[in-house]
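In what follows, a single structure is set out as structure tokens and then discussed.
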Amino acid sequence: MKTDNIKTLLEKYFEGDTSREDEKILKQYFLSNDVDESLKEYKALFQVFTQESKIQSEGISDELPFANNINKSFAIRRNASWAIAASILILMGSWFLLETQEEQEMPSKQELLLAQKYLNIGLKSFNVGFNKSNDLMKKTEMIKTHTAEALNAGIIYQAKTQEILKLNYIDKSLEKFQKISSLKESRIKVMM
Amino acid sequence: MQENQFKKVVLIHKDIMYRLALRMLRNKEDAKDIVQDSLLKLWNKRKVLENIRSHKSFALTIVRNASIDLIRKRKPETDHQDNIERMDKQNPEKQLDVSDQLQNVRIIIKQLNEQQRELIQLRDIEDLDYDEISEITGLTINTIRVNISRARKEIRSKMMDKMNFHRSLNNAI
């Protein structure tokens with residue numbers, strides 16, 4: 001009975017109509033010691049299939065694909081450099097615009113202090129970003145984070161700078177502020 | 001995808017990749033080169049791998065396509081001829097022993113055409129289902145079924161020819 005079933009399966013097998021489960025049954029049968037004499041000629045076929053499935057790759061290194069690693073930090077260092085260059089350009093652009101502005105009336109002390117505050121924030125964040133970027137050439141992920149922070153600080157600084165541009169440009173304003181401060185100091189001394 | 005993950009989901013298929021390349025190219029050195037190149041390609045495409053459902057099928061597709069490219073570039077092979085000679089050099093009067101029978105089957109499989117070899121390898125040796133084979137080869141399931149049937153029948157036919165030849169010789173003696 002079993003032999004008849006196997007013969008039926010074998011015919012299906014040669015028609016390409018067997019499932020994987022059917023083929024597993026055939027393999028198990030032909031690898032056993034119970035193969036009917038009339039079917040012995042098929043034993044070698046299934047034995048070869050089993051032996052061939054055990055061949056292993058020779059001399060193919062597990063490390064080979066990783067020998068040509070691209071230096072990841074280089075790409076991020078390059079990106080950080082662009083961010084720093086962009087920040088410098090923003091600052092330079094702001095200074096250039098300030099230089100071409102016509103002088104208007106003298107800003108108030110408060111306005112000058114505000115300008116100075118945002119300038120300091122911008123410079124500080126830029127410096128932080130720049131220093132961090134140098135350190136972070138060793139740690140690739142941190143470079144991205146701190147570069148983003150520096151850019152954000154640069155963006156905030158630029159926004160505030162735009163507001164102050166309506167009043168006066170910062171360098172002349174600071175100069176005047178200093179003159180005012182020194183004048184006030186001398187007045188105080190005189191009074192004393 | 002990190003190195004550890006790559007080893008776990010791709011490098012683990014190194015052996016099956018090698019066996020497919022070896023079946024298609026019939027040359028160990030070429031098979032080794034193809035697998036190494038394929039692994040490098042897979043590593044360079046590791047970002048794409050993160051979205052792939054079956055890394056095994058993808059890896060085998062790369063190996064298969066690379067093997068086909070190499071076959072197209074090659075001169076007609078001579079090992080095929082060597083194998084035929086080896087079969088003919090066997091003593092025709094001697095009953096085929098088991099190792100001879102196994103070797104004959106190996107030679108017969110080696111003599112199949114490229115597509116038949118590939119399908120026998122993927123189905124009968126690697127036990128992949130027809131969907132996976134379709135994914136790797138780009139063939140429809142019906143085409144796979146028809147061509148596997150032809151390949152199996154050809155193997156059977158050549159095996160029988162050989163056995164009948166030996167039987168008839170033995171009877172004559």
Side-chain angles (χ1 to χ4, degrees), chain A residues 6-33 35 37-73 75-76 140-141, chain B residues 3 6-7 10-11 14-19 21-23 28-29 31-33 35-44 46 96 98-106 108-109 119-121 123-130 142 144-153 155-156 159-160 162-163:
Chain A
I6 293 294
K7 283 182 178 173
T8 306
L9 264 183
L10 212 48
E11 279 313 304
K12 272 182 77 179
Y13 170 80
F14 285 109
E15 292 301 320
D17 290 336
T18 41
S19 65
R20 285 166 76 202
E21 289 69 34
D22 292 337
E23 288 162 25
K24 201 172 170 181
I25 292 168
L26 285 172
K27 274 181 191 164
Q28 280 172 347
Y29 174 78
F30 283 104
L31 293 176
S32 72
N33 296 323
V35 179
E37 204 55 42
S38 62
L39 296 172
K40 278 226 158 101
E41 55 215 5
Y42 296 105
K43 201 173 161 69
L45 178 64
F46 291 94
Q47 279 180 315
V48 165
F49 288 160
T50 303
Q51 286 178 5
E52 295 287 305
S53 71
K54 291 175 183 165
I55 291 173
Q56 292 188 320
S57 56
E58 296 168 15
I60 296 172
S61 168
D62 277 357
E63 302 308 315
L64 185 68
F66 312 110
N68 298 324
N69 254 345
I70 297 165
N71 184 356
K72 292 178 199 175
S73 67
I76 292 175
T140 55
E141 282 303 315
Chain B
E3 194 172 313
F6 185 83
K7 282 185 177 177
V10 176
L11 273 178
K14 193 169 69 162
D15 290 341
I16 191 176
M17 290 165 73
Y18 174 73
R19 289 193 294 266
L22 184 59
R23 179 65 58 204
K28 285 183 181 178
E29 284 309 307
K32 194 171 124 186
D33 288 343
V35 172
Q36 285 175 331
D37 285 348
S38 299
L39 288 172
L40 192 57
K41 276 182 200 161
L42 286 162
W43 172 247
N44 289 335
R46 59 193 178 279
L96 283 173
V98 173
S99 62
D100 283 341
Q101 287 177 33
L102 298 182
Q103 188 58 11
N104 281 342
V105 169
R106 286 195 189 94
I108 290 165
I109 295 172
L119 294 176
I120 290 289
Q121 182 69 30
R123 179 61 172 206
D124 286 325
I125 296 171
E126 304 297 351
D127 193 31
L128 300 185
D129 64 40
Y130 283 153
N142 197 52
I144 291 166
R145 210 185 291 276
V146 165
N147 283 286
I148 273 199
S149 170
R150 284 185 187 151
R152 287 169 178 169
K153 284 176 178 173
I155 294 172
R156 177 177 62 181
M159 276 170 60
M160 296 306 141
K162 201 49 144 177
M163 282 178 190

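By convention in this document, chain letters (A, B, ...) are assigned in the order of the sequence lines, proteins followed by strands, and residues within each chain are numbered from 1. In this text the structure is predicted, and so the values were computed from the model without any measurement.
Between B:R156 and A:Y42, some side-chain heavy-atom pair lies under the 4.5 Å cut-off. Inter-residue side-chain proximity for B:R152 and A:E15 is flagged as unmet; no heavy-atom pair is nearer than 4.5 Å. Residues A:Q47 and B:Q101 fail the side-chain proximity criterion, which asks for heavy atoms closer than 4.5 Å. Looking at heavy atoms from C-beta onward, A:F49 lies in side-chain contact with B:I120 at the 4.5 angstrom threshold.
Contact annotation for A:E41: both backbone and side-chain heavy atoms come within less than 4.5 Å of a heavy atom of chain B. Contacts between A:F46 and chain B at a heavy-atom distance below 4.5 Å are absent for every atom of the residue. Using a 4.5 Å cut-off between heavy atoms, A:K54 touches chain B through its backbone atoms (N, CA, C, O) alone. Residue contact with chain B, scored on non-hydrogen atoms closer than 4.5 Å, involves the backbone of A:S19 exclusively.
Across A:I55 and B:D15, no two heavy atoms sit closer than the pair O-CB, 4.3 Å. The two residues A:G16 and B:S149 have their closest heavy-atom pair at N-CB, 3.9 Å. The nearest pair of heavy atoms linking A:D17 to B:R145 is OD1-CD, 3.6 Å.
If you tally non-hydrogen atom pairs under 4.5 Å between each of B:M160, B:M159, B:E126 and chain A, the highest count goes to B:M160. Contact count against chain A (heavy-atom pairs under 4.5 Å) is highest for B:I125 among B:I109, B:I144, B:V10, B:I125. Between chain A and the options B:R123, B:K28, B:R23, the largest number of non-hydrogen pairs under 4.5 Å is found for B:R123. Counting heavy-atom pairs closer than 4.5 Å to chain A, the top residue among B:V105, B:I148, B:V146 is B:V105.
Note that OG1 of A:T18 and CG of B:D124 are 8.0 Å apart. Values are rounded to the nearest 0.5 Å. Separating the OG1 atom in A:T50 from the CG atom in B:D127 is a distance of 10.0 Å, to the nearest 0.5 Å. Note that the CD atom of A:E52 and the CD atom of B:Q121 stand 7.0 Å from one another [nearest 0.5 Å].
Proximity of a side-chain donor or acceptor of B:K14 to a complementary backbone N or O of A:I60 within less than 3.5 Å is detected.
For B:K153, the NZ atom is densely surrounded, since the number of other residues' heavy atoms within 6.0 Å is greater than 12.
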